[in-house]
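Here is the naming used below: chain letters follow the sequence lines, and residue numbers restart at 1 for every chain.
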Amino acid sequence: MQLSPLPRSFYDRPVLTVAEECIGKLLIHVTTEGIAGGRIVESEAYQGPEDLAAHSAGGRRTRRTEAMFGPPGHAYMFLLYGMHWAFNAVVGPEGHPHAVLIRALEPSINRSLMAARRKVAEGSVQLTNGPGKLCAALALDGSAYGADLSGDELFLADGPRGAVGVSPRINVDYAGDWAGKPWRFYERKNRYVSVPPRG
DNA sequence: GAATAGATTGTCT
DNA sequence: GACAATCTATTCT
C-alpha cells in the first residue's frame with residue numbers, strides 16, 4: 001500500500017463501478033494538524049439527473065450542486081440537517097451530475113488525531129461509522145468543497161480490498177422507486193459499517 | 001436493544 | 001418559511 005492519489009481516470013467511469021471499487025480504498029486528508037485517514041468500508045452511488053435521491057435530480061444545477069456537474073475527481077461537500085457535513089467524490093464526465101457518497105471508514109492513519117477531533121475513545125466504532133462522523137474525524141467541511149482529489153491534501157489511495165456486499169441506500173425513502181435501488185456498497189463483516197445489513 | 005425528539009444552518013420555493 | 005443523503009441523548013422496553 002502506498003499513499004499516492006488515485007489517477008483521475010479512476011473517477012471517470014460509471015458511478016456504480018466507482019462506488020463499488022471505492023470499498024477498501026483509503027480516504028486521506030492532510031491538514032496542518034497532520035495526516036488522517038481510513039479505509040472506505042461503505043459507499044453509495046448517486047446518479048443524477050434521473051436518480052430522484054440525488055441532489056442533482058431532474059438536472060437541478062444550483063450553487064449547492066454545482067461541483068457535481070464539474071469534471072470527475074473532485075470533492076462534493078454538503079451540509080445536512082444544519083450541522084453535519086458529508087463527503088462525496090464527483091464521478092463521470094463533466095456535465096453528468098454523478099457522485100459517490102462515502103458513508104463510513106475504518107480508521108487506519110493517525111487514529112489518535114481522529115479520536116481527539118471526535119472526542120470519543122480511540123478504537124471506538126463511533127469514530128467514523130457515518131457520513132457526518134467521518135467528516136468530523138478528518139476535519140472535512142465546506143472549505144473542502146470542490147477540492148481536486150488528485151492533489152496532495154485530500155485524495156483517495158489504493159488499499160487492501162475485502163469482500164463487498166450490496167444493499168439499498170440509507171435514508172432516501174423520499175425517492176420513491178429509486179430508494180430501493182441496490183446502490184449501497186459495504187465491506188462484509190466490517191464493524192465500522194454504519195448500518196449492518198441483514199444476514 | 002429499539003424508538004423518538006431535538007439540534008441548527010445553508011439553500012431553495 | 002420549509003426542509004435536508006444525520007448524530008446524539010433520552011426514554012422507553
Side-chain angles (χ1 to χ4, degrees), chain A residues 11 15-16 18-20 22-23 27 38 40-70 72 74-92 96-107 114-147 149 156 165-186 191-199:
Chain A
Y11 306 97
V15 65
L16 290 174
V18 179
E20 196 262 339
C22 276
I23 302 300
L27 173 62
I40 297 170
V41 296
E42 187 178 353
S43 67
E44 286 181 3
Y46 284 87
Q47 187 169 167
E50 65 267 31
D51 179 4
L52 293 181
H55 291 152
S56 52
R60 287 195 332 184
R61 182 168 187 161
T62 64
R63 179 155 56 254
R64 181 169 131 210
T65 62
E66 183 63 30
M68 264 194 173
F69 289 82
H74 290 256
Y76 167 51
M77 306 294 305
F78 67 92
L79 181 69
L80 66 162
Y81 300 97
M83 59 186 80
H84 300 295
W85 287 94
F87 169 85
N88 302 247
V90 177
V91 164
H96 292 243
H98 298 178
V100 174
L101 169 67
I102 306 304
R103 288 191 54 87
L105 299 179
E106 173 187 330
M114 292 188 281
R117 284 170 173 159
R118 289 275 297 118
K119 296 183 170 59
V120 299
E122 186 177 339
S124 165
V125 221
Q126 302 291 333
L127 212 51
T128 51
N129 67 337
K133 298 177 193 178
L134 72 89
C135 284
L138 295 189
L140 287 170
D141 59 23
S143 64
Y145 188 93
L149 298 181
L156 267 62
V166 178
S167 85
R169 290 175 292 182
I170 306 299
N171 286 338
V172 292
D173 296 342
Y174 57 86
D177 292 344
W178 296 91
K181 299 272 181 196
W183 287 1
R184 171 179 178 244
F185 302 90
Y186 60 92
R191 70 196 190 100
Y192 289 95
V193 173
S194 66
V195 184
R198 56 192 171 73

* **Donor-acceptor contact present, side-chain A:Ser56 to main-chain A:Thr65, <3.5 Å** => no

* For the pair A:Ser43 (side chain) and A:Ala19 (backbone), establish whether a donor and an acceptor sit closer than 3.5 Å, ignoring hydrogens and angles. => yes

* Please check the phosphate of C:dT6 (OP1 and OP2 only) for any side-chain N or O of A:Asn171 closer than 4.0 Å. => yes

* Is A:Tyr174 near enough to C:dA5 that one of its side-chain N or O atoms lies under 4.0 angstrom from OP1 or OP2? -> yes

* Structure fact -> Here the salt bridge (charged side-chain N to carboxylate O under 4.0 Å, His left out) pairs for residues 48-59 of chain A, sequence neighbours left out, are A:Asp51-A:Arg169

* For chain A, the stretch of DNA chain B it reaches, first to last nucleotide, under 4.0 Å of its heavy atoms -> B:dA7 to B:dC12

* A:Arg191, CZ: over 12 other non-hydrogen atoms inside 6.0 angstrom -> yes

* Asked: With sequence neighbours excluded, what pairs up with A:Arg117 under the salt bridge (Lys or Arg N to Asp or Glu O under 4.0 Å) test?
  -> A:Glu33

* Check salt bridge (Lys or Arg N to Asp or Glu O under 4.0 Å) between A:Arg118 and all other residues, then give those that pass, not counting sequence neighbours. => none

* **Value rounded to 0.5 Å, distance of OH in A:Tyr174 from CG in A:Leu52** => 9.0 Å

* Asked: How many angstroms lie between atom CD of A:Glu106 and atom OH of A:Tyr192, to the nearest 0.5 angstrom?
  -> 6.5 Å

Can you give me the N/O atom pairs linking the protein to nucleotides 1-3 of chain C at distances under 3.5 Å, or say none if there are none?
none

* **Partners passing side chain to side chain contact (heavy atoms under 4.5 Å, CB included) against A:Ala179 (at least two apart in sequence or in another chain)** => A:Val172, A:Ala175

Counterpart residues, side-chain hydrogen bond (donor to acceptor under 3.5 Å, both in side chains), relative to [X] (two or more places apart):
X	result
A:Glu44	A:Tyr46
A:His96	none
A:Arg61	A:Glu66

Mind calculating the distance between [atom1] ([X]) and [atom2] ([N]) to the nearest angstrom?
X	N	atom1	atom2	answer
A:Lys119	C:dT8	NZ	C1'	15 Å
A:Leu79	C:dC7	CG	P	12 Å
A:Leu101	C:dT6	CG	P	8 Å
A:Phe87	C:dT6	CZ	P	17 Å
A:Tyr76	C:dA5	OH	C1'	9 Å
A:His84	C:dA4	NE2	P	15 Å
A:Arg64	C:dA4	CZ	C1'	7 Å

* Can you give the dot-bracket line for DNA chain B, where a pair is Watson-Crick or G-U wobble with both atom distances under 3.5 Å, crossing pairs use [ ], and | marks a partner on another strand? -> |||||||.||||.

* Identify whether any heavy atom of A:Arg169 sits under 4.0 Å from a base atom; if not, whether one sits that close to sugar-phosphate; answer base, sugar-phosphate or nothing. => nothing

* Asked: Contact class for A:Ala86 (heavy atom, under 4.0 Å): base, sugar-phosphate, or nothing?
  -> nothing

* Go through residues 124-146 of chain A and report each residue with a non-hydrogen atom lying under 4.0 Å from DNA chain B, sorted by number. => none

Table please: side-chain donor-acceptor pairs of residues 127-144 of chain A below 3.5 Å, with sequence neighbours left out.
unit_1   : atom_1 : unit_2   : atom_2 : d
A:Thr128 : OG1    : A:Leu105 : O      : 2.7
A:Asn129 : OD1    : A:Lys133 : NZ     : 2.9
A:Lys133 : NZ     : A:Gln126 : OE1    : 3.2
A:Asp141 : OD1    : A:Ser143 : N      : 2.8
A:Asp141 : OD1    : A:Ser143 : OG     : 2.6

* **Donor-acceptor pair under 3.5 Å, A:His55 side chain vs C:dA5 base** => yes

* **A:Ala104 to A:Ser194 - nearest heavy-atom pair and separation** => CB-N, 4.2 Å

* To do: Compare the ring of A:Tyr46 with the six-membered ring in the base of C:dA5 and state whether they stack (centres under 5.5 Å, planes under 30°).
  => yes

